[in-house]
Amino acid sequence: MSAPTHSPRAPIPLNPAQAEAVEHLNGPLLVLAGAGSGKTRVITQRIGRLVEKGIPSKAILAMTFTNKAAGEMAERAHAVMQENGNGGAAKALTVSTFHSFGLSVLQREQKAMGGAFTIFDQGDVLSCVKEILSRERIGKSFDASAIVGRISNAKNAFMQPEDLPDDGKDEYDEITKIVYPKYQAAMRAFRAYDFDDLVCEVGQLWKRRPDVLARWQESFRYILVDEYQDTNRAQMEVLRQLCAPHKNLCVVGDDDQAIYAWRGADVENILSFEEHFPGAKVIKLEQNYRSRAPVLDVANAVISKKLIGHQKTLFTDKPGGDLVQVRVAATPQMEAEWVSKEIKRMIRDFGKRPKDFAVLYRSNGQSKDVEEALREQMIAHKVVGGQTFFERKEVKDLLSYLKLTLNRSDEIALRRVINYPPRGIGEQSVEKLALNALGRGWTLWQAVERVDALDDIPPAAREGCKQLERVMGETRKQLLAERMKASDVARDLCERVGLKRDIEGSSPSNNAAGRRWGNVEALFRTFERRETRRGDAHDEVGGEQGLAGFLHALTLQMNSEEEATTDVTILSTLHGAKGLEFDTVFLLGCEEGLLPHSRTLEVRATDSTPADVEEERRLFYVGVTRARERLYLSRAKHRVSRGKPVPRTPSRFLLEIPPEMVEEDEIREELDPSFDAMNEGAASVLAALAALDALK
DNA sequence: CGTGGCCGGCTTTTT
DNA sequence: GCCGGCCACG
């Protein structure tokens with residue numbers, strides 16, 4: 001992570017607004033913290049202050065949005081306590097995301113009910129809904145992911161199946177009204193929770209069981225929430241429940257940085273905080289400690305055009321700074337090439353390091369050209385986000401076997417591996433098993449186990465079922481009875497099902513086989529790393545609990561392969577860059593259709609969230625405010641989409657910036673022979689465009 | 001039942 | 001231009 005949001009300024013005293021926020025300890029408090037205004041510092045100082053005042057740190061709960069943010073905040077809070085001489089209290093502090101907090105509540109409360117449960121990721125949820133659609137024989141050609149989106153929206157709004165209106169606005173509302181209850185029933189039968197459940201099932205549980213709620217209210221008497229603008233209705237309800245008796249809720253956020261409405265976040269939470277929590281105090285932090293004036297001017301210019309929300313204007317007392325640079329390239333390839341050369345130049349001429357730079361863009365697909373160009377210039381870099389490792393087929397397959405070992409009701413995991421590697425249980429046989437299960441009230445796994453009691457299963461499939469049952473039985477024994485380490489269990493399992501053999505046999509090349517098996521081995525290593533790390537004594541490593549805990553953690557932090565990557569240039573989407581800051585920021589693709597993205601410009605029937613161009617504006621704002629010293633905004637004049645070259649127009653946000661605030665220039669073509677190969681693609685695009693023009 | 005090839009569609013952001 | 005789904009064949 002290359003975001004030391006604090007280091008050089010730690011000794012600077014709090015400004016009056018910050019101090020007020022730190023000292024206001026009791027009752028609801030809303031801190032409207034502009035970008036770079038020291039909000040994390042306010043939260044951590046406030047935690048330190050609470051502890052100084054004698055509040056036991058175990059009664060304090062700090063909520064963040066991402067795992068990364070949680071880790072950072074815990075670290076900084078510990079540092080503050082250390083400074084205050086309360087280092088001993090640090091361990092008992094709880095800093096977690098809403099999702100992992102929800103998980104631990106459900107885990108603790110359901111221990112009595114016994115048994116492991118599974119967390120479904122997007123892919124699992126999608127399979128589940130597809131399964132329901134086909135089982136229910138609901139017409140045809142519904143977009144399952146659109147339905148998933150609507151269900152998720154309902155959950156985010158803290159709505160149960162019966163809370164959905166009978167008269168939906170469109171056919172997707174209607175189909176969702178039918179599917180949602182069936183989906184919930186299936187999830188409970190599978191002993192599975194989806195991401196949204198981790199929050200709203202807690203709210204539902206507390207609603208049903210005031211006695212349980214009372215216990216949690218007693219254990220957490222001071223709540224702090226970061227990035228409050230990104231919370232959804234369900235999260236707000238959970239907070240409201242938790243704070244009901246003491247009202248000690250401090251939320252920090254910035255409505256100008258609300259960029260997750262598409263995922264159910266409700267800006268109303270921060271806009272109406274004072275209504276939700278009567279008597280709330282509101283404090284605005286407007287002094288920016290991060291960026292030079294020219295960067296801030298652009299940020300203010302963009303955000304002042306917004307239509308709703310709390311008005312804030314950031315200011316700085318840092319003098320000087322370079323004018324914001326706007327660059328226009330012929331193609332995205334040339335844009336990327338220019339970025340890489342500019343970074344190289346600044347490293348060479350000004351002693352900058354790779355980590356001083358970030359390249360930001362709207363969508364993951366834009367990273368490819370930049371990666372290539374940076375590789376060409378030999379600049380160390382890292383692409384954040386862009387789901388990768390845990391999405392790989394072979395990784396998901398192995399994880400499914402392990403999930404199934406712990407929770408044999410997990411039908412999605414079972415379906416994934418029931419015939420992988422092939423063991424004679426084809427699609428027809430799976431459907432027969434499922435039908436039998438349905439008719440007899442068994443789970444699918446029970447149908448596999450009791451295949452002898454079924455008469456319409458072909459012999460090959462019958463054998464396959466017995467084989468699978470044997471494999472799973474042995475694995476379960478190793479894990480539960482012998483309490484073997486997860487890494488060893490996983491290795492044995494692969495051996496038993498012949499995973500390596502299958503990968504080698506089914507891969508197109510030796511190379512591909514090596515890579516795929518390498519992914520499996522990487523997963524082994526991930527297990528081993530956790531087993532050896534075990535600094536936190538309360539985490540069991542072996543056996544059922546150890547594996548279950550680890551699988552949950554893996555699902556909740558899919559893409560954080562947290563390796564201390566230090567001195568590298570960061571490539572990230574704008575969403576992924578929130579909360580980070582860099583010396584120099586390149587914001588690529590400032591074009592209509594990309595930023596704002598075309599998906600928000602043209603509405604589609606399957607959309608589950610109303611498109612909002614204002615959110616794109618805030619996204620642009622987030623990108624701009626990541627820069628400390630220098631900011632570059634760039635765009636390409638032509639881009640290839642769907643195989644065809646398309647002329648591009650500058651982003652409306654670019655046009656809204658007063659011209660005197662920026663310096664604009666064309667990126668001129670370099671006569672560097674080593675780039676001939678790269679420019680070939682660009683040249684052919686230009687040639688095609690010329691041909692197109694000639695036709696007209 | 002399993003495999004390979006062909007055709008078609010489309011492409012945001014993530015706990 | 002790429003990936004994924006579908007169909008036909010072995």
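Here is the naming used below: chain letters follow the sequence lines, and residue numbers restart at 1 for every chain.
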What residues form a side-chain contact (heavy atoms from CB on, under 4.5 Å) with A/V622, not counting sequence neighbours?
A/Q257, A/I259, A/K578, A/R626
Rounded interatomic separation in angstrom, taking CD from A/Q229 and C1' from B/dT15
15 Å
Does A/W262 lie flat on the base of B/dT13, that is, centres under 5.5 Å apart and planes under 30° off?
yes
Please tell me which of A/R599 and A/A460 maps to the more 5' nucleotide of DNA chain B, matching each residue to the nucleotide holding its nearest heavy atom.
A/A460
Between N or O atoms, less than 3.5 Å apart, protein on one side and nucleotides 6-10 of chain B on the other: list the pairs.
none

Describe the nucleic acid contact of A/Q428 in one word from base, sugar-phosphate, nothing, applying a heavy-atom distance below 4.0 Å.
sugar-phosphate
Taking atom types as they are modelled, is there a donor-acceptor pair under 3.5 Å from the base of B/dT15 to the side chain of A/Q122?
yes
Using the test salt bridge (charged side-chain N to carboxylate O under 4.0 Å, His left out), find all partners of A/R635 that sit at least two apart in sequence or belong to another chain.
none
B/dT14 P sits how many Å from A/L198 CG, rounded?
19 Å
Comparing nearest nucleotides in DNA chain B, the 5'-proximal residue of the pair A/G576, A/G426 is A/G426
Please indicate whether A/R188 has more than 12 foreign heavy atoms, meaning atoms of other residues, nucleotides or ligands, lying under 6.0 Å from its CZ.
yes
With sequence neighbours excluded, residues passing salt bridge (charged side-chain N to carboxylate O under 4.0 Å, His left out) with A/E614
A/R617
How long is the line joining NZ of A/K368 and C1' of C/dG1, in whole Å?
9 Å
With A/F586, which residues qualify under ring-ring contact (aromatic ring centres under 6.0 Å, His included), at least two apart?
A/W338, A/Y632
Partners passing salt bridge (charged side-chain N to carboxylate O under 4.0 Å, His left out) against A/R423 (at least two apart in sequence or in another chain)
none
Look at all strands and tell whether A/I425 reaches a base, only sugar-phosphate, or nothing, counting heavy atoms closer than 4.0 Å.
sugar-phosphate
